[in-house]
Amino acid sequence: MELSKTEEKMIGLQYQMRENQKELQDFLSDLGSWEDEMKHKEAELKKKPDNKPQELPPVRNSLDKKKLKKKKKKKPEDQGKPKRISGFDFRAWDKFDVDKALEEVDKEEGEKSSSEYETDEEWEAERKKHLANEKKNEVRLTLNRYAAAEADCVTAITLDPLYVKAYLRRAAARVGLQRLPQALEDYRRVLQLEPTNKQAKTELERLEKELNRDQDGMPTASSLEKSQTSEVKPIYKPPEQRSKKPLRRIEIEEIGVKENTQRKEAIAKVEAAQSAVKKELEAKDRQMFERFTADSVSVRQSSAANGGDRNDGQMTPGDIPALRNSQMQEVPASQQNGIAQHTNASGDSSSVNSKISSTDSGKQNSQKQTKPSVAKPLSPRSAGGGLNSVDSILNREPPQTSYQFQADFKVLKSEDEAFYAYLKRIDPSQYSKLFGQSLEAVVLLKIVDAIQRHFIPAKEDFFQHLKNLSEVKRFSMTVMFLSAKEKQGIRDIFQHLRTQSGHPQEQVEALAKKYEV
Amino acid sequence: MEKPQIILHIQKSVNYTLFDSKWIPCSAKFVSLGNHAKGTGALQIYEVSHGEVNCILNVEKSKPFKCGTFGASSLQNRHLATGDFDGKLQIWNLESLDMPLYSVKGHKEIINSIDAVGGLGIGEGAPEIVTGSRDGTVKVWDPRQKNDPVATMEPGEGESKRDCWTVAFGHAYNDQDRCVAAGYDNGDIKLFDLRAMSLRWETNIKNGVCCVEFDRKDISMNKLAATCLEGKFHVWDMRTQHPTKGFACVTEKAHKSTVWLARHLPQNRDIFMTTGGNGSLNLWKYSYPANRATKDSEGVETGVAGTVNLQQNVTLSTQPISSFDWSPDKEGLAVCTSFDQTLRVIIVTKLKSI
């Protein structure tokens, strides 16, 4: 019997239906048993005691924090590792290698000292005495802020003229400033105070060699730096670990000025970085020093050689700048002329200065003649022509650089009116730029003076000036060193500010706090 | 003849709007989550038993539940993580539902989607929960860390916040590697690499992304399915990523309405169900090409997409099917919920013979 196509299809469909039905029935019966199975399984799962907590990975992104913490904890443990041996543990003491321990102590110290000028552990004891100064000082030496470090040393020396470390530090700072003769002088003083001081001896020798080399026209930097490193860590630092780079502050150079004047100006600038107050202190210190030490050959001789027209006995604080200036000029002068090979390394303390200056005296004298008074001798330009005359300064653009300001200030500081006019032309917001690293007390006092004499009578607002001044770097340091007398001036103008000006009282008070009045 | 059948096994009406349903692992029970008319949250547990579903637990919570997952919990504990309308992520012990084990206000707005990995023996590494919210952020949580997400993916400064509709874990095949795919209302799909903590890939499929899902969470990324508003879905071959072209993709029209979900069969990763806005279910099979990767003209490997074939099609409701969950323990058994306030237990036969 033949089946029609529709019949075939019907049968196929029926078959499929049946198949599906069967499949479903199978599934459902399976499902029934599965349900029972699941109930059983679940019950078992519940009965089971809690699984041991699996070793799970740490919470995401908490990993880094945890690691850091662990590291931090470990470090102090490591440091504390070297255990103290008990006083009664004789066996342990028998095994104890003293030499080795000492070596290790030395090594550690060598590693710790980040500055090449770090001296020795005596420092630690001394530090308490001069804590405030020293800390800053140390930092500055490490940061190569030699000028500031030097200024601090000057203060320290005034407080205690027999304080050897301060001399050493100042010498180190002066080496950093490339003012080798002055550094030499400091080392010599150290030797006078402490004839056995090794550091001073070696440094002195080295510096003298260095000066000789300069005069021979040899390159300077490399030998200076190398010997410095070997000086501090002579034994334990292998050569490949030694710093090859000279740690030196690089002076900003102005293009278009002759090298000679440039150098002189740079020196003058550094010189100016010391305030009058500090210079005064230094002068006192010199006197004190002479009282403490019988032998003061170097100071006297050098001053005698430089300023033939001066009487040693009449040294006044005001003389110091002139004296020091002339001393400083020896370096470039001797370098240029390439003389003074006669200096002997054995260290006759006065020979360097006196000989150089004597051979150089013609030039020195000519310079001296251009310096009629103490007020203006520091300006190297004044000899060079009318460049820096009061009028020309006032006609020029207001100063753009700290250096320019310093130069102008030299000329203007004795001219009240002109300084006032000059000050008025400077935008107060430029102050922090103009005064650079530190605001000298002289400048500050001069400005205060100008405010007292001119701003207040002219009823001009000077709040901004004061405010911007207070934002100059290391302003607080400068203020800290002002004497009560000097602060009186500041107090006066603040009194005026409180009563007269229209500025909010809080602002004035906040500013007054900065000025410590 | 060999076609699989989709059979409605049991259906049950409830008195609240159903948003999600999930099988409780290692049991014949499932939970349903939703929103009571008065604005409270509904959480119910049903047991399938001899052709019936029996409600064995019914609790009401302050905020409506939008989504839930067991994926971050151990098989032993089977804690349910939920996301609610208030932006809260909570973890519940189903044995004592009075207080959540873990609760954090993770998002400012509704949590649209939740996924988890690292529990139930699925996926290597730490148990983690990912939530995507209307506030535009995708956050990854570790139940061991209270209060703060372990990773947050949010639009950068100045970028507009898009409503994140869906999130999915994948690529969790070892301790470190893990990816999160997120789909947004503007058609963006972003793939975040949690190991590198960076955006690995992104694309735009023009229409709002209703659902993204990896075919498997616990293997090296293999396929990613994404469904969208305008009756289409896409499947990317995630094995080969071309530096510029990204991943190879196959696109298919389905349901003639919004494709709400794509759910891969746990027992066979190449079979998946899509659910439609018209109340229909489509069963698909993905077939790989002969070679899954070729070299392009510059010699860079580029992926080759496979093909998808419709295996079965059935309409169960007039309302969109909002959730669909394959039973992890019984192949072919599934539960789905629809906006007609009905939950349905589905049987799919002949899955083995496809």
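All figures in this text were calculated on a predicted structure; none of them were measured in a lab.
- Contact annotation for residues 173-180 of chain B against chain A (heavy-atom separation below 4.5 Å, listed by residue number): B:D175, B:Q176, B:R178.
- For B:K330, the side chain to side chain contact (heavy atoms under 4.5 Å, CB included) partners are A:F27, A:D30, A:L31, A:W34, B:S327, B:L333, not counting sequence neighbours.
- A:E42 CD to B:S27 OG: the interatomic distance, rounded to the nearest 0.5 Å, is 4.5 Å.
- Residue B:A28 comes nearest to A:M38 through the heavy atom pair N-CB, 3.9 Å, listed as atom of the first residue, atom of the second, then distance.
- Using a 4.5 Å cut-off between heavy atoms, B:V345 makes no contact with chain A at all.
- Under 4.0 Å is where a charged nitrogen must lie from a carboxylate oxygen, and between A:E35 and B:K29 no such pair does.
- Remark: side-chain polar atoms of B:Q76 are paired, donor with acceptor, to backbone N or O of A:L45 under 3.5 angstrom.
- Nearest approach of B:A126 to A:P58, heavy atoms of both residues: CB-O, 4.2 Å.
- The two residues B:C26 and A:K41 come nearest to each other via the heavy atoms SG-CD, 3.9 Å.
- Counting heavy atoms of neighbouring residues, nucleotides and ligands inside a 6.0 Å radius, atom NZ of B:K105 exceeds 12 of them.
- Side chain to side chain, B:K3 and A:N20 fail the donor-acceptor criterion of an N or O pair below 3.5 Å.
- Atom-to-atom distance recorded for B:Q5:CD and A:E23:CD is 8.5 Å, nearest 0.5 angstrom.
- To the nearest 0.5 Å, atom CG of residue A:L24 and atom CD1 of residue B:I7 are 4.0 Å apart.
- In terms of heavy-atom pairs under 4.5 Å with chain A, the best-connected choice from B:R78, B:E47, B:M197, B:E95 is B:R78.
- Within the 4.5 angstrom heavy-atom criterion, only side-chain atoms of A:L28, from C-beta onward, approach chain B.
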